[in-house]
Amino acid sequence: MRLLAALPYPWAMRVGRVIGKVMMMAFKRRRDIAQVNLSLCFPELSGSERRYLLRKHFTSLGMGAVETALCWWASHEKLFSLGHLEGREHLQAALRQGNGVILLSAHFTALEIGTTLLALNVPICAVYRTHRNPLFEALTQRARAGYARRAIPARDMKAMLRALKDNLPVWFAPDQDFGRKHSIFVPFFGQPAASLTATSRLAKLSKAAVVPFFSQRMEDGSGYRLVLHPALENFPSKNIETDTRRINQIIEAEVRRYPEHYLWVHRRFKSRPDGSPGPYAEYRRRKRPRVR
């Protein structure tokens with residue numbers, strides 16, 4: 001990964017595309033999960049269209065792996081030139097209220113580099129899930145310490161509230177399935193999805209504005225668009241289900257614009273409202289028999 005980060009950016013992205021093709025062949029379980037997700041979310045597409053989208057997604061995944069290497073090892077000067085920030089005025093207007101800002105985002109394959117590039121332009125706090133691999137966790141923490149004002153574990157709501165009280169932007173992506181606790185079932189691509197209510201609860205407790213933030217790879221290969229949208233109006237409402245449904249609609253609209261860039265290898269629909277097996281039951285990792 002360190003060698004990849006030393007390559008010129010266009011070369012590194014070419015390597016990423018090759019890595020993505022290898023990943024698609026090697027990671028059968030993740031490929032099957034992505035196929036299930038695409039079938040659930042895009043029933044209007046033909047089989048050949050979904051297979052094409054699947055191939056593009058794994059290419060995007062491979063590029064995301066190389067982008068993570070850039071975040072870990074490339075210089076800030078090299079990275080800064082890749083970011084093209086739009087909508088800074090929306091964040092500044094929200095911060096003038098003095099209650100912090102929740103940067104609403106989602107798990108796209110360019111998540112790591114998009115967040116890094118934003119942090120090189122404006123001071124932010126990053127919310128993260130810890131890695132099981134201690135080496136990856138150490139490298140990720142070291143990288144985040146170099147650009148984020150604070151790195152906050154995903155389940156530490158008190159730390160998020162402290163950051164918002166200090167009038168800092170807190171990057172937050174509530175679009176993964178964390179199970180039934182602290183979640184409610186609202187539609188995502190027409191499917192019941194266990195969705196975190198934390199965005200609404202954080203906004204209500206802190207009075208922070210919610211500013212959607214998404215990053216996309218630019219088609220000409222010149223870097224990344226970092227787009228800050230206007231703060232949500234009338235949020236939070238008095239109904240937490242209405243708020244959570246609205247968050248899912250915002251994320252879904254962005255996914256539909258760039259479907260190959262979304263993280264389809266995540267089991268987004270593994271939790272079910274009635275407790276029945278999810279759509280990935282046949283792809284659960286099977287335990288190998290113990291050799292005696």
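In the displayed structure, Lys78 atom NZ is contacted under 6.0 Å by more than 12 heavy atoms of other residues, nucleotides or ligands.
Between the side chain of Asp166 and the backbone N or O of Leu168 there is no donor-acceptor pair closer than 3.5 Å. A donor-acceptor pair is defined here as one N or O able to donate and one able to accept, closer than 3.5 Å; such a pair exists between the side chain of Arg268 and the backbone of Asp175. Arg30 places a side-chain N or O within 3.5 Å of a backbone atom of Val265 that can act as its donor or acceptor partner. Looking at Glu86, its side chain never comes within 3.5 Å of a backbone N or O of Val227 through a donor-acceptor pair. When atom types are taken as modelled, the side chain of Thr115 and the backbone of Leu111 share a donor-acceptor pair closer than 3.5 angstrom. Under the 3.5 Å distance criterion, the side-chain polar atoms of Ser195 are matched with a main-chain donor or acceptor of Ala193. With hydrogens and angles disregarded, a donor-acceptor distance shorter than 3.5 Å links the side chain of Asp243 to the backbone of Ser237. At distances below 3.5 Å, at least one donor-acceptor pair connects side-chain atoms of Tyr280 with backbone N or O atoms of Phe269. No side-chain donor-acceptor contact under 3.5 Å links Glu137 to the backbone of Thr130.
Under the 4.5 Å side-chain contact rule for hydrophobic residues, Tyr9 and Trp73 do not share a cluster.
Each of Val210, Val170, Leu118 was compared with Leu103 under the side-chain contact (heavy atoms from CB on, under 4.5 Å) criterion, and only Leu118 meets it.
Note: Trp72 and Phe136 meet the aromatic proximity criterion, with ring centroids under 6.0 Å apart.
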